[in-house]
Amino acid sequence: MKTDRRTFLGGAAALALPAAARKANPALTVSTPMAVPDWAVLQRRLLDANAEACEAFYAKYVDADDALRVFARWGANDGPDDAAEATNDWAILHALGGSDRILELTHRFWEGHLRQYAAARTIDVPIAREGMYFREFPVQMDWQHNAEGLTTFNCMGLSSPRDARLTERTRRYADFYTGRDPSAPNYDPERRLIRSLLNGSRGPMLRRATPLDWAGDPFDPAPFHMEHGEASYRQTLDHYAEYGDVIGDNPLNLQATTLGLNAYALGGGEHYRRWALDYLDAWVERARANNDIVPSHVALDGTVGEGWWKGVYGWGFSPVVPQTGAREDRNRVPRSITAFMNGTLLTGDGAYIEVWRRQNARLNGLARMVGGTLSVPTMHGADGWYGWKPAPYRTNGFEIWYVTQSAVDREAAGDHPWVAFLEGRNPGYPIEALNADLARVAERVKRREQDRTTPATRLADWPIDINPASVTSLIQTMTGGLHIARPPWSRTSPPQGGVPLHCRLRYFDPERRRAGVPEGVAALVHALGDASTEVTLVNLDRHRARTVTVQGGAYAEHRIEAVIVGGRRIDVSGSAFTLRLEPGCGARLAIAMRRYANRPALAFPWDRA
């Protein structure tokens, strides 16, 4: 694979802003009155409703020491990663324009849960006897769960890029995987692999895992809601009876590259970017050598053999469900596509997403009639392909299209109602989606008010589904972005956590020197193209002008060439521009842009050279 684009658009020139934008003075002024759109009112109402509900949630489920009020234990079902997910989407909520109080609580909870699980210890599980966290990171777990636990952390830089503690912590976390920290020998730089599915701040597990390693110490599940429906501790152990094959690399480990991305974007240096790309490139090569299928197992010597489909969460992973005795397909390989999206974000190179286009084409090429229906495989074992589902294979089709913006990929993305709106076929979507999220906030508030559990009768995963933060419609309508997290945002993509924000536009308040739209401002992205974005910005305040800085992408990765408003073209040739909205005024802007032209940076626009 060619990697020469790693050196493109480096230095200050890549992130240069017009002088007016650097000084946070308006590059253009909008003085045309606009009737207040219903979607704008709903956006502001949703931002406020989220903030109020999240604060009430915090008061009930977090104690005075900022620890989660639950029965703390180790385990993939209900361990530290689930505790960390209690404030999912709060960091993004603030970055969109939510209250500063939300950001304060987000940071307080992160610190509190780190202390809580560093102090929590196992008795039987060997790795966590001295603390479930070591050096403020899980001691040893798989990257399905590590990534979920980092959902909040990986988005903190959107609002706090100058936080020295966040920067230091991000570098430390990343160095558990770059090979620069000898105390955590997870990464083999010569073979470009992470040595085990189970890894963390105490290094990799280089033996077969036991059910105890996954399930945690013995306990009585009777007082608790059990996500998988276990009625006894024995069933909890049996859930993990076939989870032993962890030695060697697994594509889920690629989620660690988000730490490298953030460490680089926070100014940590080129070596973090280089590590993420070297590791990703190794997997690009493995997929190409494996008939265009991303393998789920790489041996410690770096080879991909006939057992490429093996490993926990791999292509051939269909363990027995103890409650039913039936086998359940748990292939989690598709989740790793978000790491390849990191590759495109870091380089602008579409070759990383091309891996997934080729894989989908390969699987569709295997289609055959099964029970009278043309079907494609989703699993592979010793006897070949299985897990047949109706054709065509469209898993991750949405992500592929979002990155490529190619008409060739559009069909596989499916007919999501948001995309129908962007294509002009569903004009009512913003109102419907914003109202749905308002209803979701209200439903979560009601669940909190009716919740009669106590800290002694709830596990760490219990508050996740009561957390009221509802941001999907805000991400879509305001930023033209993806919410790749719970709940599922696409019918063809699996829910997951720990991924960066992928969006077309992001906003900043230059007067208050913070991320997010200024108070009283709302934004609606109407259309996305390969080289264009259309957005309406409106100031709902009838008495005070507002100034907003508009940036291309969450990481300033998209270069804005020009803005066209009211028939006037303003050249930008940078990653951001600043707009003054007079009281009660608004406008629809057409933005010409070159996507993925800049290296990612989390510094606010006025702090970039």
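Remember, it's a predicted structure, so these values are computed and weren't measured experimentally.
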Verify whether one side chain among T536 and R588 offers a donor that lies under 3.5 Å from an acceptor in the other.
-> no

Check A522 against W39 and note the closest heavy-atom contact, atom names and distance.
-> CB-CZ3, 3.7 Å

Considering only heavy atoms from C-beta outward, does the side chain of Y555 approach that of N262 to under 4.5 Å?
-> yes

Can any side-chain N or O of N186 pair as donor or acceptor with the backbone N or O of R195 at less than 3.5 Å?
-> no

Where is the tightest heavy-atom contact between A84 and N88, given as atom of each residue plus distance?
-> O-OD1, 4.1 Å

Quick one: closest heavy-atom pair of I92 and V471, and the distance?
-> CG2-CG2, 4.4 Å

What is the minimum heavy-atom distance between P417 and N426, and which atoms define it?
-> O-ND2, 3.1 Å

Carboxylate-amine/guanidinium proximity below 4.0 Å for E148 and R335 = yes

Verify the distance criterion only: is there a donor paired with an acceptor across the side chains of R504 and Y402 at less than 3.5 Å?
-> no

Do the side-chain N and O atoms of N342 and Q255 include a donor-acceptor pair separated by under 3.5 angstrom?
-> no

When rounded to the nearest 0.5 angstrom, what distance separates CG in N250 from OG in S336?
-> 8.0 Å

List the steps and the verdict of side-chain contact (heavy atoms from CB on, under 4.5 Å) for L158 and R506.
-> CA-CA 10 Å; L158 297 173; R506 196 152 79 86; 3.9 Å; yes

Gap separating the CG atom of N50 from the NE2 atom of H94, nearest 0.5 angstrom = 13.5 Å

Minimum heavy-atom distance W275-T257, with the two atoms named | CZ3-CA, 3.8 Å

Evaluate the side-chain proximity of S406 to W401: yes if any heavy-atom separation is below 4.5 Å, no if none is.
-> no

Does any N or O in the side chain of R410 come within less than 3.5 Å of the main-chain N or O of G414, such that one atom is a donor and the other an acceptor?
-> yes

Does R192 come within less than 4.0 Å of D281, counting only side-chain N to carboxylate O?
-> no

Steps toward side-chain contact (heavy atoms from CB on, under 4.5 Å) verdict (V517, M478) = CA-CA 9 Å; V517 291; M478 295 178 73; 3.8 Å; yes

Got N435 and L438 here, is their nearest side-chain heavy-atom distance under 4.5 Å?
-> yes

Report yes or no: does E423 contribute a side-chain atom to a donor-acceptor pair with the main-chain N or O of R425 at less than 3.5 Å?
-> no

Paired with E227, the side chain to side chain contact (heavy atoms under 4.5 Å, CB included) test is passed by just one of D461, I464, D78, namely D461

What do you reckon, are the aromatic ring centroids of H558 and Y596 less than 6.0 Å apart?
-> yes

Do D465 and R447 meet the salt-bridge criterion of a basic N to acidic O distance under 4.0 Å?
-> no

side-chain contact (heavy atoms from CB on, under 4.5 Å) between I353 and D409, worked out | CA-CA 11 Å; I353 293 301; D409 298 319; over 6 Å; no

Would you say W309 and I293 make side-chain contact, with heavy atoms under 4.5 Å?
-> no

Starting at CG of L42, measure out to CG of L434 and round the result to the nearest 0.5 Å.
-> 5.5 Å

Side-chain (N290) to main-chain (R286) donor-acceptor, under 3.5 angstrom = no

Report the relative orientation of the aromatic rings in Y173 and F153; use parallel for angles under 30°, tilted for 30 to 60°, perpendicular for over 60°.
-> tilted

Any donor-acceptor pair under 3.5 Å linking the side chain of D238 with the backbone of T236?
-> no

Would you confirm whether T151, through its side chain, and G498, through its main-chain N or O, come within 3.5 Å as a donor-acceptor pair?
-> yes

W315 side-chain N/O to H297 backbone N/O, donor-acceptor pair under 3.5 Å | no

To the nearest 0.5 Å, what is the distance between NE2 (H380) and CG (L363)?
-> 10.5 Å

Do we see a donor-acceptor contact under 3.5 Å between the side chains of N146 and D81?
-> no

Flag the pair P430 / L524 as yes when at least one side-chain heavy-atom distance between them is below 4.5 Å, and no otherwise.
-> yes

Electrostatic pair D292:R288 at N-O distance under 4.0 angstrom = yes

Please test N598 against S575 for side chain to side chain donor-acceptor pair (under 3.5 Å), starting from the C-alpha separation and ending with a verdict.
-> CA-CA 8 Å; N598 298 329; S575 59; 4.7 Å; no

Check the pair W90 / N467 against side chain to side chain donor-acceptor pair (under 3.5 Å), numbers first and verdict last.
-> CA-CA 10 Å; W90 293 25; N467 171 18; 2.8 Å; yes

What orientation do H416 and F398 show, parallel under 30°, tilted 30 to 60°, or perpendicular over 60°?
-> perpendicular

Judged by modelled atom types alone, do T338 and E399 share a side-chain donor-acceptor pair under 3.5 Å?
-> no

Interatomic distance, I560 atom CD1 to Q551 atom CD [nearest 0.5 angstrom] | 8.0 Å

Side chains of W283 and V298: does their closest heavy-atom pair fall under 4.5 Å?
-> yes

Can you spot which of Y187, W143, Y279 makes a ring-ring contact (aromatic ring centres under 6.0 Å, His included) with Y177?
-> W143

D437/R440 salt bridge by N-O under 4.0 Å criterion | no

Could you walk me through whether Y429 and Q476 pass side chain to side chain donor-acceptor pair (under 3.5 Å), step by step?
-> CA-CA 10 Å; Y429 180 74; Q476 292 173 343; 2.5 Å; yes

For R559, does its backbone N or O pair with a side-chain atom of R594 as donor and acceptor, under 3.5 Å?
-> no

Would a 4.5 Å heavy-atom cut-off, applied to side chains only, mark F340 and V284 as touching?
-> yes

CA sep, side-chain torsions, deciding dist, call: D89, H483, side chain to side chain donor-acceptor pair (under 3.5 Å) = CA-CA 9 Å; D89 291 331; H483 187 212; 3.1 Å; yes

Under 3.5 Å, is there a donor-acceptor pair between the side chain of T152 and the main chain of E85?
-> no

Go through the steps to decide whether L346 and L277 satisfy the test side-chain contact (heavy atoms from CB on, under 4.5 Å), and finish with yes or no.
-> CA-CA 8 Å; L346 283 163; L277 294 175; 4.1 Å; yes

Say whether Y386 and S318, considering side chains only, have a donor N or O and an acceptor N or O under 3.5 Å apart.
-> yes

Any I591 side-chain heavy atom under 4.5 Å of E534 side chain | no

Nearest atoms (heavy-atom pairs only) where V321 meets E328 | CG2-CB, 3.7 Å

Can we say E354 and R357 salt-bridge, meaning some charged N sits less than 4.0 Å from an Asp/Glu carboxylate O?
-> yes

CG on L474 to CG on L96, rounded to 0.5 Å = 6.0 Å

Just by modelled atom types, is the T378 backbone N or O under 3.5 Å from a matching donor or acceptor in the N331 side chain?
-> yes

Salt-bridged, R595 to E557, with N to O below 4.0 Å?
-> no

Do W214 and D142 have side-chain atoms, one donor and one acceptor, less than 3.5 Å apart?
-> no

